[in-house]
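First up is the structure itself, then whatever we jot down about it.
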Protein chains: 2
Amino acid sequence: MPKIAASEKDAFYEQRRAELADVALRLWAEKGFDGTSVAAIADAAGISKGTFYLYFASKQALLEDVLRRYTLLPSVQAMVESVADHSLEEAVHTFVRHAWRHLNQHRDLVLLTLRELPSHIEQAQEALQHVLVPTNKLIAQYLEDRLGPERAREISMVIAGRGLVGMILMIFVSQEILGAKRFLPVSDDDIAATIAQVFLHGVVGGAQ
Amino acid sequence: MPKIAASEKDAFYEQRRAELADVALRLWAEKGFDGTSVAAIADAAGISKGTFYLYFASKQALLEDVLRRYTLLPSVQAMVESVADHSLEEAVHTFVRHAWRHLNQHRDLVLLTLRELPSHIEQAQEALQHVLVPTNKLIAQYLEDRLGPERAREISMVIAGRGLVGMILMIFVSQEILGAKRFLPVSDDDIAATIAQVFLHGVVGGAQ
DNA sequence: TGAAAATGACCGACTGGTCGGTCATGCCTG
DNA sequence: CAGGCATGACCGACCAGTCGGTCATTTTCA
């Protein structure tokens with residue numbers, strides 16, 4: 001039974017860590033890393049500050065765990081891979097629509113990452129690089145494979161890929177974070193379609 | 001002679017404030033608002049913390065002064081107006097090239113604004129809205145005027161405009177802040193041309 | 001009852017902000 | 001011209017409060 005007890009304990013331990021990470025992400029997205037004290041996180045999780053330090057060695061360690069736990073990379077990879085057998089037009093539309101939904105689902109993480117982006121907290125920057133750089137590589141590779149040299153305009157697919165992500169991100173930030181939604185209520189699908197359309201015509205060319 | 005003395009003093013006072021604002025912007029871009037103490041700012045400006053408070057009532061007041069002092073809006077407006085009599089193609093190219101140079105010149109302000117974007121420091125968010133929203137309005141208006149309903153694709157020019165700014169911003173952040181420049185060294189003009197090309201073909205359509 | 005878990009008082013470092021005191025400067029007066 | 005006097009820019013020790021992190025103590029529970 002010691003084994004069972006131990007694994008039960010481990011399960012509880014892991015569950016606590018997960019809950020703390022969850023609470024921390026929510027609070028950090030609201031008030032920032034520096035703006036949220038460990039006491040506040042512990043409080044929101046219903047434990048004391050002392051107990052917090054039984055589960056994480058430091059505030060920094062919690063940040064690292066949050067970023068590891070919630071990295072967007074796997075889902076981004078899955079997203080890119082899932083469109084591999086669509087037509088290019090379909091693929092881009094699907095990608096944009098999924099990315100949009102993704103951003104909405106992971107709003108807190110996006111906020112946290114944006115906020116700590118140029119920060120002295122290197123982990124956030126690394127996390128960003130771990131997501132953005134590989135995503136970019138995947139997209140560029142995909143585009144080059146699909147287009148072939150003659151169909152693509154003579155532009156860098158790496159730059160174009162970044163542009164696509166930039167469009168999505170900026171429009172997301174405008175609509176969902178800066179509150180532009182109130183002034184210009186457009187359905188998510190329409191937005192995604194617009195982005196995909198601009199990108200497709202811009203990059204692929206000719207095909208009107 | 002008291003008048004001259006007074007104006008000399010005022011000039012010195014204003015110069016001090018300007019220097020403090022300059023130093024603060026630089027440090028804040030590096031370490032963030034919360035991450036930079038008033039003492040550090042005063043130190044970097046070669047004065048004591050006590051003296052700092054002769055020139056600004058609070059740290060918050062300094063932030064407000066920095067954002068007012070360095071607002072990008074006038075230059076953005078000038079930028080949009082300066083391309084008013086070009087052809088659309090030329091206008092977009094020029095706009096992108098200018099915007100790119102602009103971001104480089106105001107790197108610190110861009111960093112600070114991005115960093116404090118979703119922050120509890122409302123001023124940064126306001127500043128962003130004061131730049132982004134009017135910029136967006138100008139661009140959308142310009143595009144609609146130039147294109148006319150039949151030439152534009154059936155997409156929102158507001159969304160498209162945000163997409164353009166998003167492309168520029170994201171590629172800037174990738175190249176200049178995340179350090180992607182090292183991996184993909186492309187000239188500024190090439191990048192600007194690529195962005196303009198994608199946008200033009202994407203939005204304007206047909207014209208290959 | 002004994003060990004594991006949880007607590008919150010406590011610590012030292014640091015924050016934004018204050019304030020009494022110093023001293024170079026330049027005017028006033030003789 | 002000289003010397004005393006007033007000015008105010010400047011300093012940095014200091015304040016109250018908050019932070020991340022520790023640890024002796026109490027609570028819990030098998």
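Sequence lines set the chain letters: A, B, ... in the order given, protein chains first and strands last, and positions in each chain run from 1. What you see is a predicted model; the values in this text were computed from it and never measured.
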Exercise for the section: Check the distance between C:dG16's P and B:Leu62's CG and give it to me in whole angstrom. Expected result: 11 Å
Problem - Between P of D:dC19 and CG of A:Asp43, the distance in whole Å - result: 12 Å
Quick one: which protein N/O atoms are closer than 3.5 Å to N/O atoms of nucleotides 28-30 of chain D? Pair and distance per line, please.
none

Handout entry: Whole-Å gap separating P (C:dA4) and CD1 (A:Ile47)
Key = 20 Å
Exercise for the section: Can you run down the side chain to side chain donor-acceptor pair (under 3.5 Å) pairs that involve residues 40-50 of chain B, sequence neighbours left out, and say none if there aren't any? Expected result: B:Ser48-B:Thr51
Completion exercise
In whole angstroms, the gap separating C1' of C:dA4 from CZ of A:Arg16 amounts to 13 Å
Problem - Set of residues satisfying side chain to side chain contact (heavy atoms under 4.5 Å, CB included) with respect to B:Leu27, sequence neighbours excluded - result: B:Val23, B:Thr36, B:Ile41, B:Ala44
Check nucleotides 20-26 of chain D for protein N or O atoms closer than 3.5 Å to its own N or O atoms and list the pairs.
residue : atom : partner : partner atom : Å
D:dG20  : OP1  : A:Lys59 : NZ           : 2.5
D:dG20  : OP2  : A:Val38 : N            : 2.9
D:dG20  : N7   : A:Lys49 : NZ           : 3.2
D:dG21  : OP2  : A:Tyr53 : OH           : 2.9
D:dG21  : OP2  : A:Lys59 : N            : 2.8
D:dG21  : N7   : A:Lys49 : NZ           : 2.9
D:dG21  : O6   : A:Lys49 : NZ           : 2.1

Completion exercise
Sorted by chain and residue number, the side chain to side chain contact (heavy atoms under 4.5 Å, CB included) partners of B:Tyr142 (sequence neighbours excluded) come out as B:Leu88, B:Ala91, B:Arg146
Completion exercise
Hits for side-chain hydrogen bond (donor to acceptor under 3.5 Å, both in side chains) against A:Asp22, two or more places apart or cross-chain, chain-then-number order -> none
Practice task
Could you check whether the rings of B:Phe33 and B:Trp28 sit parallel, tilted or perpendicular, using 30° and 60° as the cut-offs?
Solution key: tilted
Handout entry: Distance in angstrom units between B:Phe12 CZ and D:dC10 C1', rounded
Key = 10 Å
Practice task
Would you please test A:Ile168 and A:Leu103 for side chain to side chain contact (heavy atoms under 4.5 Å, CB included) and show each step?
Solution key: CA-CA 9 Å; A:Ile168 299 172; A:Leu103 287 174; 3.7 Å; yes
Practice task
Would you mind classifying the nucleic acid contact of A:Phe56 as base, sugar-phosphate or nothing, using non-hydrogen atoms under 4.0 angstrom?
Solution key: nothing
Problem - Five-pair end axes of the helix from C:dT1-D:dA30 to C:dG30-D:dC1 and the angle they enclose, rounded to 10° - result: 20°
Problem - Side chains of B:Ile171 and B:Trp100 in contact at under 4.5 Å (non-hydrogen atoms) - result: yes
Fill in the blank from the handout: B:Arg17 meets the side chain to side chain contact (heavy atoms under 4.5 Å, CB included) criterion, sequence neighbours left out, with B:Tyr13, B:Glu14, B:Tyr55, B:Phe56, B:Asp65, B:Arg69
Practice task
Enumerate the residues from residues 18-28 of chain B whose closest heavy atom to DNA chain D is under 4.0 Å, giving them by residue number; use none for an empty result.
Solution key: none
Practice task
State the CD-CG distance between B:Glu30 and B:Leu111, to the nearest 0.5 angstrom.
Solution key: 9.5 Å
Exercise for the section: Applying side chain to side chain contact (heavy atoms under 4.5 Å, CB included), name anything that partners A:Glu90, two or more places apart in sequence or on another chain. Expected result: A:His86, A:Ser87
Problem - Presence of A:Tyr55 side-chain N/O under 4.0 Å of C:dA5 phosphate oxygens OP1/OP2 - result: no
Practice task
Compare all side-chain heavy atoms of A:Val96 with those of A:Met167 and state whether any distance is below 4.5 angstrom.
Solution key: no
Practice task
Kindly write out the residues that satisfy ring pair (Phe, Tyr, Trp, His ring centres under 6.0 Å) with A:Phe95, not counting sequence neighbours, or none if the list is empty.
Solution key: none
Handout entry: With B:His102 via ring pair (Phe, Tyr, Trp, His ring centres under 6.0 Å) - residues at least two apart
Key = B:His106
